[in-house]
Engineer: 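Take a look at the following structure, please.
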2 protein chains.
Amino acid sequence: MEKKNISDPRISDTRVNQESSVKDGRTDNGSADQQFFTFAGPGEEMTLEVGSCLGPITIAYETWGHLNADKSNAVLVCHALSGDAHAAATQGGQKSRPGWWDFMVGPGKAIDTDRYFVVCSNVLGSCAGTTGPSSLNPATHRPYGSDFPMITITDMVRAQGRLMDHLGIDRLLSVVGGSVGGMQVLEWCARYPDRMVSAIALATTTRHSAQAIAFNEVARQAIMADANWNLGNYYSSDTPDMGLAVARMIGHITYLSDEAMGTKFGRRLQNPATLSLELGNDFQVESYLRHQGRKFVERFDANSFLYITKAADYFDLAREYGSGSLEQAVSRFKARFLVVSFTSDWLYPTYQSRELLKAMKQNRIDASFCEIKAKWGHDAFLLPGTGLDRLVAGFLGGVCHGR
Amino acid sequence: MEKKNISDPRISDTRVNQESSVKDGRTDNGSADQQFFTFAGPGEEMTLEVGSCLGPITIAYETWGHLNADKSNAVLVCHALSGDAHAAATQGGQKSRPGWWDFMVGPGKAIDTDRYFVVCSNVLGSCAGTTGPSSLNPATHRPYGSDFPMITITDMVRAQGRLMDHLGIDRLLSVVGGSVGGMQVLEWCARYPDRMVSAIALATTTRHSAQAIAFNEVARQAIMADANWNLGNYYSSDTPDMGLAVARMIGHITYLSDEAMGTKFGRRLQNPATLSLELGNDFQVESYLRHQGRKFVERFDANSFLYITKAADYFDLAREYGSGSLEQAVSRFKARFLVVSFTSDWLYPTYQSRELLKAMKQNRIDASFCEIKAKWGHDAFLLPGTGLDRLVAGFLGGVCHGR
């Protein structure tokens with residue numbers, strides 16, 4: 001039999017070894033404009049939804065534009081699972097590294113930093129400057145690891161509320177977010193109904209379907225299956241990069257639609273001249289996913305992935321605020337609403353936005369709904385060209401002028 | 001801060017340690033009726049599609065019913081990714097362990113073993129008796145591991161063809177299979193168009209979409225990320241069970257529809273009395289997936305998973321037989337056809353079956369198509385209650401009587 005030497009086709013073979021940039025719970029993300037707010041110091045720890053206490057808590061955030069005299073032009077942008085505070089590149093006329101929502105946030109854009117004072121903060125439990133599992137535990141002077149208490153969407157929003165207090169903002173003009181950021185928007189409206197004029201919930205859901213939980217659980221299992229995971233205590237040794245990369249790859253499949261993957265990659269091969277039948281990455285879609293996995297481990301902490309996905313799975317607006325009734329939960333809302341879904345989003349399909357809208361209409365809430373035709377799947381809210389920017393610009397402008 | 005002890009929530013914590021039952025390439029599956037056919041001995045090795053040679057090759061198979069005098073009543077059943085030769089429990093009036101297609105194959109059932117001589121064989125590259133990566137390499141007297149050559153759907157079908165020769169069956173009454181088994185059906189019709197009267201392709205595709213490749217690739221990465229994988233050479237040490245379990249969990253999500261998962265599990269908790277916010281398995285869907293992962297590693301070999309999924313990804317009827325044109329590829333077909341898809345199958349959606357049917361109609365092939373309304377997703381072809389059995393019984397009966 002022919003002897004074959006299979007080269008190692010795993011993600012790791014081209015992985016760049018890098019030292020963790022996580023120091024003292026803060027990631028150096030190259031933004032000169034990142035600011036930090038610390039609260040819940042000794043004796044004033046925050047009691048989390050699960051009953052644990054956490055403190056001190058540092059929130060990394062960025063702001064764009066200027067708060068007007070009556071503090072009525074503040075817009076809070078909530079990021080999704082793996083995002084950070086750096087929503088936009090432009091800061092005071094200078095361009096820094098690209099922001100994750102550059103087509104939406106900036107001078108003259110939909111969330112117009114010439115008009116609005118825009119705030120975006122890294123969520124509690126994450127790893128881009130805000131306190132999370134990779135932060136130092138003051139009790140042990142070592143990273144929390146799995147000693148970090150379970151956090152929920154409620155806890156994230158309560159921390160954001162403390163940041164708004166700190167910034168002197170009693171009432172937001174709007175709270176905006178997509179995906180897990182959209183869950184934060186809904187939580188804001190239920191928890192602090194008097195603290196915003198309007199809310200924009202994009203590509204989101206009031207609770208995960210069993211399928212969405214299933215995807216998150218498999219991704220978590222991939223991390224926990226990594227020999228380096230070590231029950232979450234890996235900060236002084238090798239990190240579970242392979243598991244985290246697989247987790248990210250699972251996520252990426254759910255962020256794109258079948259059609260988008262077909263358009264982007266189809267069955268195209270990396271090297272069309274040779275049809276290799278070895279266990280390497282022959283199809284472009286395989287190469288793309290591995291690349292996404294590799295990139296992700298350079299910037300994200302595996303434990304943060306575990307904690308934030310679990311928080312998203314537990315989020316259930318009807319259970320938390322309506323004893324299981326979405327109509328009852330939504331009765332707390334006072335904000336004027338824009339709800340947007342995307343036709344090809346199969347992670348949070350349109351039917352889930354319609355359920356939310358129905359509950360709002362039952363409560364006579366001033367809510368607009370738009371299902372945008374877009375083939376890119378769940379990721380569509382992060383991509384220009386769908387008309388989302390014009391929709392949001394129009395809605396915010398209307399809210400601003402009381403139209 | 002409250003000190004929390006998180007118990008290890010990984011799949012492994014309840015994993016049963018078991019010795020591999022793979023010996024000499026054969027798995028003891030408890031079937032008294034499993035038979036073996038060995039060919040391609042020294043000097044007569046089979047040249048595979050990739051050009052490598054493989055031999056000797058053992059095929060594990062089972063048969064039900066009796067071959068009639070003119071050998072015209074043989075039906076070949078092709079199994080899917082993780083199946084085996086044990087399609088049905090009933091053997092000569094005796095019941096053995098459950099078969100994977102008991103509702104379809106047996107006395108008086110759709111594939112009626114009182115009328116037909118039914119054959120099912122374990123595919124090349126698998127691990128339930130047929131030669132695969134876990135079999136002994138005669139050159140080294142150790143399991144092949146990653147020295148096993150890449151195999152394709154073509155190679156699987158050619159090995160089945162040799163088994164039919166061995167059984168003295170020139171022409172099959174029908175070739176039947178779902179999913180990856182359906183790919184084998186299509187390959188049979190293209191490669192050996194004169195060797196069957198009819199063919200039944202269920203819940204299958206002529207080629208994987210980018211999304212289907214993506215799911216397989218992530219599952220493979222999960223296996224290869226397991227520290228025990230060791231480039232496929234793990235047979236004398238710990239096996240990559242965690243990775244294989246994650247791979248199976250990914251698969252299971254794609255086998256079920258969103259609706260089926262919602263019906264089966266919804267957001268129900270394992271223990272409704274306590275809402276644990278730890279990283280354990282709280283939702284029933286999580287527990288189900290872990291259970292599926294654990295069960296799978298007890299019966300399946302990780303390398304076989306890698307090889308067979310890759311074979312499925314490479315399968316492309318149009319490329320192989322039509323220079324990229326499905327119409328041209330299908331022009332080789334001579335069998336009378338039944339094509340069945342299921343409404344909620346999002347792994348191989350109905351549009352893919354329609355493409356196949358269109359190519360058949362362009363070639364004036366006698367083909368019937370039925371899209372069955374079923375909410376269980378891709379797995380529907382393995383489940384009773386959809387009407388699939390009556391459909392197949394009617395089709396086969398018609399073929400039998402030349403109707």
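These numbers come from the heavy atoms of this one structure, side chains and all, not from hydrogens, waters or symmetry mates. Letters A, B, ... mirror the listed sequences (proteins, then strands); counts begin at 1. In this text, all values refer to a predicted model and were calculated from it rather than measured experimentally.
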Engineer: Do B/R220 and A/E286 come within less than 4.5 Å of each other through their side chains, counting heavy atoms only?
Structural biologist: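 In short, these two side chains touch, coming nearer than 4.5 Å.
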Engineer: Considering only heavy atoms, which portion of A/S257 lies under 4.5 Å from any heavy atom of chain B: side chain, backbone, both, or neither?
Structural biologist: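 For A/S257, the backbone is the part near chain B, not the side chain.
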Engineer: May I ask you to check whether over 12 heavy atoms, not counting those of B/R142, lie within 6.0 Å of atom CZ?
Structural biologist: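 Atom CZ in B/R142 is not crowded, with 12 or fewer foreign heavy atoms closer than 6.0 Å.
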Engineer: Check each atom of B/I250 against the heavy atoms of chain A and say whether the ones under 4.5 Å are side chain, backbone, both or neither.
Structural biologist: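 Both parts, heavy atoms under 4.5 Å.
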Engineer: Can a donor-acceptor pair be found, under 3.5 Å and without considering hydrogens, that links the side chain of A/R267 to the backbone of B/H208?
Structural biologist: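 Yes; judged by distance alone, with no hydrogens or angles, the pair exists.
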Engineer: Side chains of B/D282 and A/Y314: closer than 4.5 Å at any heavy-atom pair?
Structural biologist: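 When only atoms from C-beta onward are counted, A/Y314 and B/D282 do touch, with a gap below 4.5 Å.
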Engineer: State, to 0.1 Å, how close A/A210 and B/G262 come at their nearest heavy-atom pair, and which atoms those are.
Structural biologist: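 Residues A/A210 and B/G262, closest heavy atoms: CB-N, 4.1 Å.
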Engineer: Can you tell which part of A/F215 gets under 4.5 Å to a heavy atom of chain B, answering side chain, backbone, both or neither?
Structural biologist: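 Both backbone and side chain.
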Engineer: Any idea which heavy atoms bring A/A214 and B/L289 closest together, and the distance?
Structural biologist: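 Heavy atoms of A/A214 and B/L289 come nearest at CB-CD1, 3.5 Å.
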Engineer: For the residue pair A/R290 and B/E217, establish whether any side-chain heavy-atom pair is separated by less than 4.5 Å.
Structural biologist: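 A/R290 vs B/E217: side chains touch.
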Engineer: Need one label for B/I223: side chain, backbone, both or neither, based on atoms under 4.5 Å from any heavy atom in chain A.
Structural biologist: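 Nothing of B/I223, per the 4.5 Å heavy-atom cut-off to chain A.
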Engineer: Please report the shortest heavy-atom distance between B/V246 and A/A225, naming the atom on each side.
Structural biologist: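 Smallest interatomic distance, heavy atoms only, reads CG2-CB, 4.3 Å.
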Engineer: What option among B/N228, B/I213, B/T309, B/L256 has the most heavy-atom pairs under 4.5 Å with chain A?
Structural biologist: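 If we count pairs closer than 4.5 Å to chain A, B/I213 comes out on top.
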Engineer: Non-hydrogen atoms of chain A under 4.5 Å away: do they reach the side chain of B/R207, the backbone, both or neither?
Structural biologist: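 B/R207 touches chain A through backbone and side-chain heavy atoms alike.
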Engineer: Using every non-hydrogen atom in the two residues, find where A/Y351 and B/D258 come nearest and quote the distance to one decimal.
Structural biologist: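 In this case the closest contact between A/Y351 and B/D258 is OH-OD2, 3.1 Å.
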Engineer: Give the C-alpha distance, both sets of side-chain angles, the deciding distance and a yes or no for side-chain contact (heavy atoms from CB on, under 4.5 Å) between A/W346 and B/Q211.
Structural biologist: CA-CA 13 Å; A/W346 59 279; B/Q211 193 182 61; 3.5 Å; yes
Engineer: Side chain, backbone, both or neither: which part of B/N216 has a heavy atom under 4.5 Å from chain A?
Structural biologist: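 Contact with chain A is absent: no heavy atom of B/N216 under 4.5 Å.
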